[in-house]
Each structure stands twice: as C-alpha cells, then as structure tokens.
A.B. asks: 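First the structure, then my questions, so here it is.
Note that ligands are numbered from 1 as they come in the structure, with each ligand's atoms numbered from 1 the same way. Note that these values count all heavy atoms, side chains included, but never hydrogens, waters or copies made by symmetry.
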Amino acid sequence: MKISFSAPSLPRTGPLAVGVLSGGKLLATAERLDKATDGAIGRAMRASRFNGETGQSLTIMAPSGVGASRIIMLGLGDAQRFDDLAAQALGGRAWKAMAGTGDKAAHFAIDPVNGSHLKTADIAANAAYGALLGSYRFDKYRTREKDDAKPSVRTLTIASRNSDQAKKGFARFEKIADGVFFTRNLVSEPANVIYPATLAHQARRLTKLGVKVQVLDEKQMAKLNMGALLGVAQGSANKPRLVVLRWDGAPRAKNKAPIAFIGKGVTFDTGGISIKPAGGMEDMKWDMGGSGVVIGLMKALAGRKAKVNAVGIVGLVENMPSGTAQRPGDVVKTMSGQTVEVINTDAEGRLVLADAMWYCQDRFNPHTMIDLATLTGAIIVSLGNENAGLFANDDEICDRLTAAGKSVGEPVWRMPLGDAYDKMINSDIADMKNIGGRWGGSITAAQFLQRFVKDGVKWAHLDIAGVTWSNKEVPTVPKGGTGFGVRLLDRLVSENYES
Ligand code: BES
Ligand code: MN
Ligand code: ZN
C-alpha cells in the first residue's frame, strides 16, 4: 500500500473517510459533505447509534451530491483525549473500513481538531502511520486466495492542511514501520524457511542500509568457548549462528560506548529431550521473536539514520531432540567461565543469551544492555498478552523503558529481582542450574541472565513471550507477529540516547 499526502480536497471517486468527535460534532470535511449531500450525514447519524465515540464507524453508500463512492465516518472520541496513539488507531480503523471496498484509491480527510494538542499535520502523519501499520499482511503462502478476499486499495491519499509537514513527519514513521514489518515477516515465517543460517542471511540484508554485519559460525563460537549456546544447538542438523550488527550513527566527535540489544533467536523450540507436548508446539516457530525485534530495530535505526552507536547481537539456534542432543543433567561451560547444570533442556533461551550477552560485553563494553526474549510461559501467566515483563538492575532504565512503552503503545511492567530468587538457581554440582523451582519462573529465568551481566553495565531484560504473537487484532497490529519491541526501543533510543 502506498501513502501520499495532498492539500485538502474532495476526491472524485472512491471511499472517503472523515472524522466526527464525541457528541456527533462534525469536523470540517464532514460538515462540508453534510451540506453537499443535503444533510445525509446528519440523517445517517440520527438513524443509527453512531455519535462519534472512539472506535465507532458509519458508512454512507453512494451518497448523492459528491463524487466519493462512499463516506466513512469515524469516531474520534473527545478532542482533549485525542493524542498521537489515538490518531494512529484512527488511521488503522480507516484502513480497515476501506481496504476491501473494491476501489484501488482511497482518501482520508484530516481536519484540525479543536481542543487536541496535536497539530493538523501531526494528526495526518500519525493517521498515515497507523493505516500503514494496520495494513500489514503475511500472505505469501496463500496461493488460492480469491482476489475479492484481498484488500483492493493500493493507494491512500491523506488530505490535510500543511501536507508537506505531514509528509515529513510520516517519512520518519515509515522507516520505523519498515523495521516493524521486517520483524513481523521474520516472526511469521515457518521454521523450515527461517533457521539459523537463513535468519543470519536476512540480517545480512541490512548491510545495504549501512549496518555492519558479521556472522559467526559454530567453529568460531567453539573457539570463544560458548558452551551454553552450543549445547542447545548440538541436537539439530541446522547449525547455529551468532550475528553481530553495528550501527555507528553518533557523530564522530562523540564516538562513545554503544547501547546494545541482545535477542533470543531459537528458530524452533521443541524443548529438546525435555520435549514439549504436541498441542500448540507450532507456536515455537516464533521463539526467535527477540532476535527478530533486534534485527527490525537495527533496520529502523539505520533507516532513519539515528544519531546513536548501537550494537545488536542475536544468538541463533534450533532446539531439537536427537542422538546428539544435550541431556538433562549435562554440565556446560559458558563463555564467562561459569558452569551450568542443564536440568531441563526446554529452558534453552537463557543458555543462548548467557553466551551472547557475555560476548557482547567482552567485545563492545556497552554502557547499557537490553535483551529481548520469548523466555518463559510464566510471564504469560503473570501479565497475559498486554504487557512485556521488564527486569532490570537499574531504576532509570526502567523508567525510560516504561515511558517509551507508554508513548508508543507497547507497555512493559516491572517485575522483581532479588537474592532470594537468585538462590533458587544454585546447583549442587555446578555454579548454577538452568531452572529454579515451580514458582516465579520468569523471575528465576531473569536471575539466571543477571549472572551474566558485568559490574557497571546497566541491564534490562524484556520477557516478550506474551506479546510477540497475537490472536486478536487491534487497529495498528493485525493478528500474528506483532513486532512488539521495535517501536518501543526505537523510542527509547530517540528519547534518551541520540546526540
Ligand atoms: N520458548 C519457551 C517459552 C515460551 C512458552 C514462549 C510459551 C512463548 C510461549 C521457553 O524456551 C521455555 O520453554 N520455557 C520453559 C521454561 C521451563 C522449562 C523452566 C517454560 O516457560 O515452560
Ligand atoms: Mn524452551
Ligand atoms: Zn524457548
């Protein structure tokens, strides 16, 4: 779908979306259309329950007196509460209402909203962003879908005042959406298509944007003593990779320590010898979600030329049961030198991250390190599908992540860490074991990771198991891979770490 911007104008054909505030208060274009149609808009509102509340919509088909094939009225809610997230959701709803109309070109008229702090151009840019995010589809494997079941709209024109400014604002959003879509694609691909070698290959494509990409293979990782990551990988015919992405966007003079992002990239998690039940196991194709976010984030940062030095590292493995697989009870030695008794081969993500995090700190000395992982089912028990779990050794990074999450609509919720939890992973025969007890599973997983954080490094861990995949759609996030984390971390960077 292509989005363009124009000065206010009424289209000669196709669907036209317009806004209406709470209480049925028409915005300028709706007002104009009401006159041109001899009051059809007012009549339609009186004949229905539509009154401009957020989420409502009402379509008038083939109105006389105007060129548009239909008028789509969308509720904006209260002007005072109409902010950028509301404008994005509105754009997503507009897309939904016109995508399947049969027309190729659609229009959305954006008018000033009295009482909102948003300028008209900002509303337009955000609505365009929301429409774009909501238009995402992963349909490459659907070869027999009928044309009339697919979206018909190819171009969406956003008409507003100051459309040049709207276009400029959108240009930045579009780069972020590129990152989100890249992540959604990677997460949606099945595990016979995306496995460590092919995921590394996808990451390599960022070279075009000026990202430096380096791929380590099994041999190189063995040389670095990454025994934990390699232990997970040893049962699979698909060999592991470690991908290092670097975006050096900070001005030369300020060349300073980077911020680092680490992603769990288990391209399929059967559980290994501690095998998972069959029901729902197909979901474990998206156990590489953390790595997908890191790659999509690097794409967004490079795409919009963020003034930051950022490192992205993803540990890519497939967790399989086989004659060469690691066994419960095996002891592995991590790159840090610490040993781990592998009680449960299904607690594999933390093993992969332990070596990826250590490598990152050893090589890049980041001031801040944030890891993302679909790490535990337990975080879904705690927080459901609405918040990612946040664990950290630093209050400031928590506040920053919480604020960023709120402003982009990807909320995170802080969970506790502490010595009593840490004790739960002590082992009798090694430095630690890879699972705690029955309770507090997402916390003991985070405690495990914290044992691989060096002194002085600010660290946060996002357990995204509940938010990486969605079975219900919202206006800007269709069902499937959500890309949760890309917008959040892009905002974290732009608000706090760009020079
Ligand atoms: N990838 C899973 C966690 C997961 C579960 C993600 C459901 C998304 C949905 C992880 O590797 C895992 O298997 N964790 C175990 C840990 C347990 C063995 C301590 C879990 O959560 O059951
Ligand atoms: Mn697992
Ligand atoms: Zn896993």
Side-chain angles (χ1 to χ4, degrees), residues 187-188 191 194-196 199 228-229 231-236 238 240 262-293 314-321 325-330 332 340-356 371-389 391 415 421 424-425 427 432-449 461-471 480-482 484-485:
V187 165
S188 303
I194 285 291
Y195 45 89
L199 186 45
L229 186 155
V232 177
Q234 78 187 34
S236 174
N238 288 316
I262 317 287
K264 168 179 172 180
V266 177
T267 59
F268 196 81
D269 181 14
T270 64
I273 295 298
S274 313
I275 198 163
K276 289 181 181 294
M281 202 201 277
E282 68 280 6
D283 281 351
M284 288 300 107
K285 74 172 184 182
W286 48 261
D287 208 20
M288 37 55 70
S291 68
V293 172
V314 295
L316 310 179
V317 302
E318 188 178 64
N319 189 21
M320 298 290 268
Q326 86 179 331
R327 294 143 293 251
D330 282 4
V332 295
V340 180
E341 183 186 10
V342 179
I343 301 293
N344 188 317
T345 65
D346 197 11
E348 84 296 341
R350 61 201 75 180
L351 296 168
V352 174
L353 287 171
D355 281 337
D371 76 79
L372 299 105
T374 49
L375 203 63
T376 66
I379 200 66
I380 314 179
V381 176
S382 301
L383 301 176
N385 305 111
E386 310 305 331
N387 279 268
F391 301 81
M415 301 280 290
Y421 296 111
M424 293 166 72
I425 55 169
S427 158
M432 69 196 89
K433 49 189 184 182
N434 75 330
I435 59 170
R438 183 158 154 67
W439 310 114
S442 51
I443 307 174
T444 46
Q447 292 293 162
F448 183 96
L449 298 180
H461 156 58
L462 293 171
D463 193 335
I464 56 172
V467 295
T468 293
W469 191 267
S470 170
N471 295 317
T482 60
F484 185 110

A.B. asks: In terms of residue, atom name and distance, what is the protein heavy atom nearest to atom 2 (C) of ligand 1?
C.D. replies: Asp269 OD2, 3.6 Å
A.B. asks: Considering the options Asn319, Thr374, Thr468, Thr267, which one meets the side chain to side chain donor-acceptor pair (under 3.5 Å) requirement together with Asp287?
C.D. replies: Thr374
A.B. asks: Would a 4.0 Å cut-off, counted as strictly less than, catch a protein heavy atom around atom 22 (O) of ligand 1?
C.D. replies: no
A.B. asks: For atom 5 (C) of ligand 1, which candidate among Gly280, Ala347, Gly377 provides the closest heavy atom?
C.D. replies: Gly377
A.B. asks: As a test of reading the structure, name the N/O/S atom of Glu348 that is nearest the Mn ion (ligand 2).
C.D. replies: OE1
A.B. asks: Which bit of Leu375 is near ligand 1, meaning a heavy atom under 4.0 Å away: side chain, backbone, both or neither?
C.D. replies: backbone
A.B. asks: Kindly compute the distance separating CG (Asp371) from CD1 (Ile464), expressed to the nearest 0.5 Å.
C.D. replies: 9.5 Å
A.B. asks: Would you say Asp283 touches ligand 1, if touching means a heavy atom closer than 4.0 Å?
C.D. replies: no
A.B. asks: Among all protein heavy atoms, pick the one closest to atom 18 (C) of ligand 1 and tell me residue, atom and distance.
C.D. replies: Asn344 ND2, 3.5 Å
A.B. asks: I'd like the atom name of the N/O/S atom in Asp287 lying closest to the Zn ion (ligand 3).
C.D. replies: OD2
A.B. asks: List the closest protein heavy-atom neighbour of atom 19 (C) of ligand 1: residue, atom name, distance to the nearest 0.1 Å.
C.D. replies: Ile435 CG2, 3.5 Å
A.B. asks: Can you confirm whether Leu375 sits close enough to Leu449 that some side-chain heavy atom of one is under 4.5 Å from a side-chain heavy atom of the other?
C.D. replies: yes
A.B. asks: From the Zn ion (ligand 3) out to just under 2.8 Å, does an N/O/S atom of Lys264 turn up?
C.D. replies: yes
A.B. asks: Which option wins on minimum heavy-atom distance to atom 16 (C) of ligand 1: Arg350, Glu348, Lys276?
C.D. replies: Arg350
A.B. asks: Taking Lys264 for its side chain and Gly289 for its backbone only, find out whether a donor-acceptor pair lies under 3.5 Å.
C.D. replies: no
A.B. asks: With a cut-off of 2.8 Å, does Asp269 put an N/O/S atom close enough to the Mn ion (ligand 2)?
C.D. replies: yes
A.B. asks: Below 4.0 Å from ligand 1: does a non-hydrogen atom of Trp286 turn up there or not?
C.D. replies: yes
A.B. asks: Any sub-3.5 Å donor-acceptor pair from Asn344's side-chain atoms to Asn434's backbone N or O?
C.D. replies: no
A.B. asks: Can a donor-acceptor pair be found, under 3.5 Å and without considering hydrogens, that links the side chain of Asp330 to the backbone of Val342?
C.D. replies: no
A.B. asks: For the metal site, I want the angle between atom OD2 of Asp269 and atom OE2 of Glu348 with the Zn ion (ligand 3) at the apex, to 10°.
C.D. replies: 90°
A.B. asks: Got a donor-acceptor contact below 3.5 angstrom from the Thr345 side chain to the Ser274 backbone?
C.D. replies: yes
A.B. asks: As an exercise, state the distance from CD1 of Ile273 to CE of Met320, rounded to the nearest 0.5 Å.
C.D. replies: 11.0 Å
A.B. asks: Mind checking whether Lys264 has a heavy atom under 4.0 Å from ligand 1?
C.D. replies: yes
A.B. asks: Using a strict 4.0 Å cut-off to heavy atoms of Ala465, name the atoms of ligand 1 that fall inside it.
C.D. replies: 6 (C), 8 (C)
A.B. asks: Examine distances only and state if a side-chain atom of Ser427 and a backbone atom of Lys433 form a donor-acceptor pair shorter than 3.5 Å.
C.D. replies: no
A.B. asks: Can you report which non-hydrogen protein atom sits closest to atom 15 (C) of ligand 1, along with the distance?
C.D. replies: Asp346 O, 4.1 Å
A.B. asks: Between the Zn ion (ligand 3) and Asp346, is there an N, O or S atom separated by less than 2.8 Å?
C.D. replies: no
A.B. asks: Could you pull out the closest heavy-atom pair between Thr376 and Ser442, with the gap in Å?
C.D. replies: OG1-CB, 3.2 Å
A.B. asks: To the nearest 0.1 Å, how far is atom 7 (C) of ligand 1 from its closest protein heavy atom, and which atom is that?
C.D. replies: Met284 CE, 3.8 Å
